[in-house]
Protein chains: 2
Amino acid sequence: MTTPPQTAPRRATITDVAREAGTGKTSISRYLNGEMNVLSPELRARIEAAIARLDYQPNQMARGLKRGRNRLIGMLLADLTNPYTVEVLQGVEAACHALGLMPLICHAANEVEMERRYLQLLTTYRVEGVIVNALGVREETLRPVGGGGIPAVLVDRLVDGLSADMVGLDNRAAAELGTRHLLDQGFDDIWFVVQPFEQVSSRQLRELAFRDAMQAQNAARAHTLVLDLADTAAVERSLAELDRAIEAGGGDRVMGKAGNQGNADTSGTTARVALFAANAPVALRLALHLKGRYGAGWQTRVALLSIDDPDWAELAGITTIRQPTYEIGYRAVEFLHERIEGVQSTARDCLLPGELIVRASTSR
Amino acid sequence: MTTPPQTAPRRATITDVAREAGTGKTSISRYLNGEMNVLSPELRARIEAAIARLDYQPNQMARGLKRGRNRLIGMLLADLTNPYTVEVLQGVEAACHALGLMPLICHAANEVEMERRYLQLLTTYRVEGVIVNALGVREETLRPVGGGGIPAVLVDRLVDGLSADMVGLDNRAAAELGTRHLLDQGFDDIWFVVQPFEQVSSRQLRELAFRDAMQAQNAARAHTLVLDLADTAAVERSLAELDRAIEAGGGDRVMGKAGNQGNADTSGTTARVALFAANAPVALRLALHLKGRYGAGWQTRVALLSIDDPDWAELAGITTIRQPTYEIGYRAVEFLHERIEGVQSTARDCLLPGELIVRASTSR
DNA sequence: CTGTTAGCGCCTTCAG
DNA sequence: CTGAAGGCGCTAACAG
């Protein structure tokens, strides 16, 4: 109760504490680092008191400078607007917490240039490692990091030419799961809608797996539609194409595979159309459009399934494939931590399964 | 020149660059700090070359240690799951970027204990200032920060007993705007739904302003319902209460004000019920419930208006009051920056207006 | 214009 | 068990 804090009192340093405790800096340092067995209980008590009295808190920067590790790791995020990202982040934070790491979160807001700059900034702060979930990072961009000795772990997407640990959804299995569900429900004209592929490997993988799954099932009508959310005009055109297909009850374009084998199929009869969104942002855009066109009950008119399970999915009644986001984040940090501690194995992949959540939109 | 650096090539230091450029460290430092007018073009060129050759990047930690400022600011966030938070963050990042600051983002995930710990951690990293959007931070918790000389700016909520700059929505005006809109649309039995007030001043302010607005309009039926999203059972009970009110077409509880003055009111006739959500998380919970109970077209059955404008609002067709989130974040950083630069004025408030966005749910 | 000399706050030998 | 001395990478006076 005797602490009238008055004028911006310079924060106490280790020297202050040493003086206050009537000892040398070394002992304070030892205390801070938990080397209790090397301190007499008496000294230890004095130090404790001094620290409390001065409200001393060791300067992480100085410690980092000295021993070369500051417990900071970089977390480069392409898009915090995507619920997926936030969820992954929760796992990252939990793991960091458990491992005594501090994540430096950088949000590139879908701008490749930003990503580059942040990456550079991170090295400047001498982070011990980096977790990357970026849009356009190429091998060269990551050179100063992955190459320069700073360990890196990729989340959700690979970087071509870079060999690093990666953790994310098992895209192939997820796309198969979704496709099969739609086919099982009797949909036979499926449109896979995805953002421009760019450097994002997961988009490519999902689309590829979708096509493969369709082919494996001898399903005739597999379409892929690229939706560039950043380009309004392009979006309009793409959606118009979709409308035509939906309203024709099938549409005449058939991209998926070549031949329809013996399987009973629906050629001739009206096809049942379903939309397969590659992720939540796409799904939202589609839902908005469908609602505008078919009204409140659009879910019963056209089937929509999406990878990602944003909080509004339940509200909109769309079927989803939920990613184990928390675990993805957690594992990423664990991987990174191992690398920081010196593990040298070749690049590892950790592919986690998604979970199908069926809702009104696809259950007749 | 002896051993080609093969394993984890230690990052180049200023000393390395000096040697490489055949000069002293001081000149390098001068170069780094842009004191070009004090360097001969010749030397400058040599330095430039050396830096490029060594891929040198100054160590921010060391710089910070030396000059006492590391350009780091703390950003304490109560809930990244709330779109509001992410939007504010975008403004923060933009401003930081413009001012050469680096935000250290800490996500407390609605846990008061986490907030305390992060705040402490931030001081440990010697951040130059802190932007706080927390759930349960009280004056004492912020003592090591606001009191200990580190400037702090509050976002969206005040901290009792602490005098610091604050920026956020003009809650009173927003609540009035919403209330008036509902009344104008002919709703006369309005339920304000809000999370437990706890230490969150904005929740209290909104509720208070709502009641005041109702009273000013001589509107008889003003109710306040507290929805504790963290407590499933409690939520169920609260929602059941709401259902009763909605289905009675009015309900018998009247909490708002005491007397109904001369104004024409609806007593006797069936009242038109409307729900006023204090923020997006509440609105989402309400929407989910209403959809479950009244089906896809629930928006036409019961009116829902919410402060906050999450991306699914358009999809759900609910009326909202959009906050100037980006600007809130931007201003917060500007305030903080001024404080860091030494501005000493008394605590300032920056209240920004919200914007009403009318959608199906409240427009008959 | 340029280099030398001290530290910033802390940790780490290395002698007591 | 304890303390003194040196240095991490960088900047900030002072000399030249």
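Every chain is numbered from 1, with letters handed out A, B, ... down the list of sequences.
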Atom-to-atom span, CG of A/Leu39 to P of D/dG3 - whole angstrom: 9 Å

Is A/Asp16 touching bases, backbone alone, or none of the nucleic acid, heavy atoms closer than 4.0 Å? nothing

Between C/dT2 and D/dG9, how many Å separate the two P atoms, rounded to a whole number? 25 Å

Determine all donor-acceptor pairs shorter than 3.5 Å in which one atom belongs to a side chain in residues 59-68 of chain A; sequence neighbours excluded.
| from | atom 1 | to | atom 2 | distance (Å) |
| --- | --- | --- | --- | --- |
| A/Asn59 | OD1 | A/Met61 | N | 2.7 |
| A/Asn59 | OD1 | A/Ala62 | N | 3.1 |
| A/Arg63 | NH2 | A/Asn33 | OD1 | 3.2 |

Taking only the side-chain heavy atoms of B/Ile14 (C-beta and beyond), determine which of D/dT2, D/dG9, D/dC10 contains the nearest atom. D/dC10

Between A/Arg44 and A/Tyr31, is NZ or CZ placed under 6.0 angstrom from the six-membered ring centre and within 45° of the ring axis? no

Which one, D/dC14, D/dG3, C/dC1, comes nearest to the side chain of B/Arg30? D/dC14

A/Ser40 side chain, from C-beta outward: closest of C/dC10, D/dT2, D/dT11: D/dT2

For B/Asn70 and C/dG9, what is the distance between atoms CG and P respectively, to the nearest whole Å? 13 Å

Between B/Arg348 and B/Glu338 (salt bridge meaning N to carboxylate O under 4.0 Å), is one present in this structure? yes

Students often get this wrong, so: under 4.0 angstrom with heavy atoms, is A/Ile28 touching a base, only sugar-phosphate, or nothing? nothing

Given D/dT11, is OP1 or OP2 found less than 4.0 Å from the side-chain N or O atoms of B/Asn33? yes

Just checking B/Asn37: base, sugar-phosphate only, or nothing, at a heavy-atom cut-off of under 4.0 Å? sugar-phosphate

With a 4.5 Å limit on heavy-atom distance, are the side chains of A/Leu121 and A/Tyr118 in contact? yes

Do A/Ile328 and A/Asp156 have side-chain heavy atoms sitting under 4.5 Å apart? no

Nucleotide C/dG7, atom P - distance to CG of A/Leu65 in whole Å: 17 Å

Figure out the CZ/P separation between A/Arg63 and C/dC8, and round it to whole Å. 18 Å

For DNA chain D, whose closest nucleotide is more 5', that of A/Arg46 or that of A/Lys25? A/Arg46

Between A/Thr23 and D/dG3, does any side-chain N or O lie under 4.0 Å from OP1 or OP2? yes

Between B/Arg126 and B/Ser27, name the one whose nearest nucleotide on DNA chain C is closer to the 5' end. B/Ser27

Is any side-chain nitrogen or oxygen of A/Tyr56 closer than 4.0 Å to OP1 or OP2 of C/dC10? yes

Under 3.5 Å, is there any donor-acceptor pair linking the side chain of B/Lys66 to the base of C/dG7? yes

Which of C/dG3, C/dG7, D/dC8 is nearest the side chain of B/Thr26? It is C/dG3

